[in-house]
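So you know, we letter chains A, B, ... as the sequences are listed, proteins then strands, and number each from 1. As the structure is a computational prediction, the values presented were derived from the model and not from experiment.
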2 protein chains.
Amino acid sequence: MKYTEKLRNSGLRPTKQRLQICEVLFDTERTFHFTINDLVNKIKKQLNNKISLATVYNTVHAFEKKGYLKQIPINSNQTYFDTNIADHHHFYDLKEEKLIDLENSDVGPINILKKIDGKKIKSVEVLVKLED
Amino acid sequence: MKYTEKLRNSGLRPTKQRLQICEVLFDTERTFHFTINDLVNKIKKQLNNKISLATVYNTVHAFEKKGYLKQIPINSNQTYFDTNIADHHHFYDLKEEKLIDLENSDVGPINILKKIDGKKIKSVEVLVKLED
DNA sequence: TTTATAGTTTATAATGATTCTAAAAAACTG
DNA sequence: CAGTTTTTTAGAATCATTATAAACTATAAA
């Protein structure tokens, strides 16, 4: 199986559920944004068996911790995840309530001039809110 | 009362509760970040009477809609608000789970090169995550 | 003023995303 | 295989937020 090694390498046992979730998340032409609820529905459609909700939560969090997924910082009642782990940004269409990728190359270089003692920058994320 | 006009001007009746919440939020030397829970505690300490939780939620949302407050886009189980409504950004200290203001002048100019048809940019917000 | 009414506050219930629990199942190690 | 650890699972618990609907209040008109 294609994702067995990937999982083992990061110390996750390649269980049936994890491998199936990998398929749904990563066997795609394009990266995408999703909520847990979106993912549960995708799993229902694409796979015949069902995976427990708790497992979906566990797996998504495990994958996020291992760097296979990123959380998107946005205010919503649900948490949004992104299968695009490359350094990039987002538009948020306020009316449609939809996220759109904004590539690094579509944003001029961002230079953070202020430094915080004893801390280093882990990421710089831009959220561009859109209205009509 | 100092905030009566402000409220009237934006179509909000200057009720006792709203005026008191204004005091807690805006009678301060510095702007600050808060959750609803933080605000409820602040109200308990600074005022002698109590304001219903539902009213605190209603008021904060009303104030946000009128532009007296801004939500901070960040992933947390609670919603963070900011009394600093000037265009600015944030550091987020992952370890301490604390927000720090990042002034516009401390970030180089941000140029969004990608355009979305029929949409215009309402805001550009940068979140800089910090680690040790 | 009084009165009418539209807007507000309130306690409480409802909602809904997420996390917890603890027992059963599966994966791994030797 | 046998023993151990990890994972899955259904269901319960948690907790921020929103809804409800009755009591209250600000406001404007008479």
> Starting at NZ of B:Lys16 and ending at P of D:dT27, how long is that distance when rounded to a whole Å?
15 Å
> Under 4.0 Å from any atom of DNA chain D, heavy atoms only: list the residues of residues 50-59 of chain A that qualify, in numerical order.
A:Lys50, A:Ile51, A:Ser52, A:Ala54, A:Thr55, A:Asn58
> Is the distance from OP1 or OP2 of D:dT8 to the nearest side-chain N or O of A:Thr15 less than 4.0 Å?
yes
> Hey, are A:Asn49 and A:Gln20 close enough side-chain-wise for a donor-acceptor pair under 3.5 Å?
yes
> Do side-chain atoms of B:Thr59 reach the backbone of B:Val56 as a donor and acceptor pair under 3.5 angstrom?
no
> If an axis is fit to five pairs at each end of the helix from C:dT1-D:dA30 to C:dG30-D:dC1, what is the angle between the two, to the nearest 10°?
30°
> Rounded to whole angstrom units, what separation is found between the CD1 atom of A:Ile21 and the P atom of D:dT7?
13 Å
> Roughly, in whole Å, what's the span from CZ in B:Arg8 to C1' in D:dA26?
9 Å
> Can you see whether B:Tyr68 has B:Lys6 sitting over its ring - NZ or CZ less than 6.0 Å from the centre and within 45° of the normal?
yes
> Using only heavy-atom distances, determine whether the side chains of A:Asp106 and A:His88 contain a donor-acceptor pair under 3.5 Å.
no
> Would you kindly give the CD-to-C1' distance between A:Gln20 and D:dT8, to the nearest whole Å?
13 Å
> Which of these nucleotides, C:dA26, D:dT8, C:dT9, is closest to any side-chain atom of A:Gln17?
D:dT8
> For B:Phe34 and D:dT17, give me the distance from atom CZ to atom C1', rounded to whole Å.
15 Å
> For the CG atom of B:Leu69 and the CG atom of B:Leu25, what is their distance to the nearest 0.5 Å?
5.5 Å
> CG of A:Asn37 versus P of C:dT15: gap in Å, rounded?
17 Å
> Should the side chain of A:Arg18 and the base of D:dT7 be counted as holding a donor-acceptor pair, with the cut-off at 3.5 Å?
no
> Quick one, B:Thr83 and B:Phe34 - any side-chain contact, counting heavy atoms below 4.5 Å?
yes
> For the residue pair A:Thr55 / A:Asn58, report whether a side-chain donor-acceptor contact shorter than 3.5 Å exists.
no
> Round to a whole Å and report the spacing from CG of B:Leu7 to C1' of C:dT8.
13 Å
> Counting only N and O atoms by type, is there a donor-acceptor contact under 3.5 Å from the side chain of A:Lys98 to the main-chain atoms of A:Lys95?
no
> Under the 3.5 angstrom rule, does the side chain of A:Asp101 hit a backbone N or O of A:Glu103 as a donor-acceptor pair?
no
> Please check: side-chain N/O of B:Thr28 versus main-chain N/O of B:Val24, any donor-acceptor pairing under 3.5 Å?
no
> What are the residues of residues 60-80 of chain B, sorted by number, that bring a heavy atom to within less than 4.0 Å of DNA chain D?
B:His61, B:Asn77, B:Gln78, B:Thr79
> Hey, what's the ring geometry for A:Phe26 with A:Tyr3, parallel, tilted or perpendicular (30° and 60° as the breaks)?
tilted
> Look at the side chain of B:Arg13 and decide which nucleotide, out of C:dT9, C:dC28, D:dA26, has an atom nearest to it.
D:dA26
> What is the distance, rounded to the nearest whole Å, between atom CG of A:Leu12 and atom P of C:dC28?
11 Å
> Of the options B:Lys119, B:Lys120, B:Lys122, which is the one that meets A:Asp132 in a salt bridge (charged side-chain N to carboxylate O under 4.0 Å, His left out)?
B:Lys119
